[in-house]
Amino acid sequence: MNALTAFFAALNNPNVPFIRYALFAGLMSSTAFGMVGGIVVVRRISYVAGAISHAALAGLGASLYFSEVHAVHWLTPMLGAGIVAVLCSWIIALVTLYAAEREDTIIGAIWAVGMATGLIFIAKTPGYVDAMSYLFGNILLVGRTELRIIGMASFVTALTVILFYPQIQSLCFDETYAETRGQPTAFFTLLLYTLSAVTVVLMVSTVGIVMVIAMLTLPAATAGLVARRLQTMMVLAIALCALANTAGLATSYYLNVPTGPTTIILSGALYLVTLVLRTAAKRLRRGM
Amino acid sequence: MAQKRFPVVTARNLSFAYDTAAVLQGVNFTAYAGEMIAVIGPNGGGKSTLIKLILGLIEPTQGSLHVLGKRPSVARGEIGYVPQYTHFDTRFPISVREVVLTGCTRPVFGRHTKADKAAAAGALERVGLSDRALDSFAELSGGQQQRVLIARALVSDPSILLLDEPTANVDAFMSDRFLELVVNLATDRTVFFVTHDTGYVSEESDRVFCINRSLVEHPVAALRQDLVHATYSQPVRKVLHNKHIDTTHMTL
């Protein structure tokens, strides 16, 4: 039985639903990843996304702790991560917009303090907590509830980008000019950072906190190498993200290795190959 | 000409400071409809600050500034702005037409209408780039990109055009063609042209505003051709500010 047949057989196997869930999660979230990834890349805020994703560990840890110690069961890890991620994105955006503080300083602070807080909460949570599954992703984390949340959040994110596309494009291309046209740039900056936070949390369950930044930027950066318009870049990034998620899942199943890292390596390889091909094509054109 | 005497921008005792560092002090001027005003001065002298004040991006710390009789932030819709070339990512994935359309993007919500697209086509025609509308902005030369940015500023048909060092990234030939375009635009609107190139100041402008913390105004006739040419072999600001401008206002 070759690799693909084995993978499809596993997808149809009622005893291993988590593979189906992981596939659906990857495909559904690709829309948000591609759209927001495109924005993150052209606006050059990938390190903001990195800080948000690492700070999300504070929310994950807190939700585990309060759920175990104080029986706050409604506070799921994904919800906790989402709340903290959005709050952190607002802090970074507001400091960048209104305080005379360097953006890299606040990014570093949020990044480190968020992780530290999360690790302390996890340490104080009774019983065994597999922190590695949150740091590096684990497809077993995706259940029906997570799928519903991923589907809804991805839909809302995509809808927001579509509705405000002209304003977002204008802001990303030339923020000062957008301001001179009366655009509320602070509001849209907050909106973009919020969308980044929501997208980052969607990814945590599949690729983990540490590798979110790569998955958010690599498909979009690959698309950016060939696309000449932002909307084309977004559509291509969605397709590449879906491809990387599916191929990553299939490859990891076949090789019996973790899915998150496999997906990232495939995305990185795709980016490198595209970069080399594009550079070669440019040199050939110049030589002609 | 009566049309030229309609005041469009009026500054009275205008001052601006970042914290305690004064950037502009006691600036007074009136710009009239249809004028082309060159704004020159050394780096850090306050040229860009004046542009930001006219755009309403910053508020004066003292004095008043009115654009078409209104506060600048209220009159933004009447101002077309062409930023410095280094102001944004020139490799951004966007088409020429999309760049122009950002000049008439709804502030909060709404997509571009057919009228917007027609206005964008008209603006591109005016700058001679109709045939490049669907091309990628990143593929254009520096001079063409500047013309696209002019089209973006024109698409909302503004009464005032602010050009912040628009010829900084283009060669001499393109710079001349670019200036021809700007002069044509100045026939039906007021143009502020921030530049370091005094050749354009002498030949094409109605007046010259020399800015170095304060503002000294000169009619173009006062900038004699021989002296302007002499500036090309010397640092521009030195010649201008030592010979043409009341040096008591200048701190070089």
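The analysis underlying the following values was restricted to heavy atoms, covering all of them including side chains, and did not include hydrogens, waters or symmetry mates. Numbered from 1 within each chain, the chains take letters A, B, ... in sequence-line order.
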**Request:** Could you please state which residues from residues 216-237 of chain A sit under 4.5 angstrom from chain B, measuring non-hydrogen atom to non-hydrogen atom, sorted by number, or 'none'?
**Result:** Ala227(A), Arg228(A), Arg229(A), Leu230(A), Gln231(A), Met233(A)
**Prompt:** Relative to chain B, which segment of Leu171(A) carries a heavy atom at a distance below 4.5 Å: side chain, backbone, both, or neither?
**Reply:** neither
**Item:** Heavy atoms from other residues, nucleotides or ligands near CZ of Phe155(A) exceed 12 (cutoff 6.0 Å)
**Value:** no
**Message:** Between Arg91(B) and chain A, with a heavy-atom cut-off of 4.5 Å, which part of the residue counts as in contact: side chain, backbone, both or neither?
**Reply:** side chain
**Over all atoms of both residues, closest heavy-atom pair of Arg106(B) and Gln167(A)** = O-NE2, 2.8 Å
**Message:** Once rounded to the nearest 0.5 Å, what's the spacing between atom OG1 of Thr176(A) and atom CG of Asp164(B)?
**Reply:** 10.5 Å
**Item:** Heavy-atom pair with the smallest gap, counting every atom of Pro166(A) and Arg111(B)
**Value:** CG-CA, 4.0 Å
**Message:** Go through it in stages, so that I can follow the logic: the residues are Thr105(B) and Gln169(A), the test is side-chain contact (heavy atoms from CB on, under 4.5 Å), and I'd like the CA-CA distance, side-chain angles, deciding distance and then a yes or no.
**Reply:** CA-CA 10 Å; Thr105(B) 297; Gln169(A) 183 191 44; over 6 Å; no
**Message:** If I take atom OG1 from residue Thr180(A) and atom CG from residue Leu162(B), how far apart are they, to the nearest 0.5 angstrom?
**Reply:** 9.0 Å
**Fill in**
Turns out that what part of Ile79(B) lies under 4.5 Å from chain A's heavy atoms comes down to backbone
**Fill in**
If one checks every heavy atom of Ile94(B) against chain A at 4.5 Å, the contacting part turns out to be both
**Asked** How about Glu139(B): does its CD atom have over 12 heavy atoms from other parts shown lying under 6.0 Å from it?
**Response** yes
**Complete:** chain A shares the most heavy-atom pairs under 4.5 Å, among Gly110(B), Ala138(B), Gly56(B), with Gly110(B)
**Message:** Restricting to non-hydrogen atoms, name the atom on Tyr177(A) and the atom on Tyr81(B) that form the minimum distance, rounded to 0.1 Å.
**Reply:** CE1-O, 3.1 Å
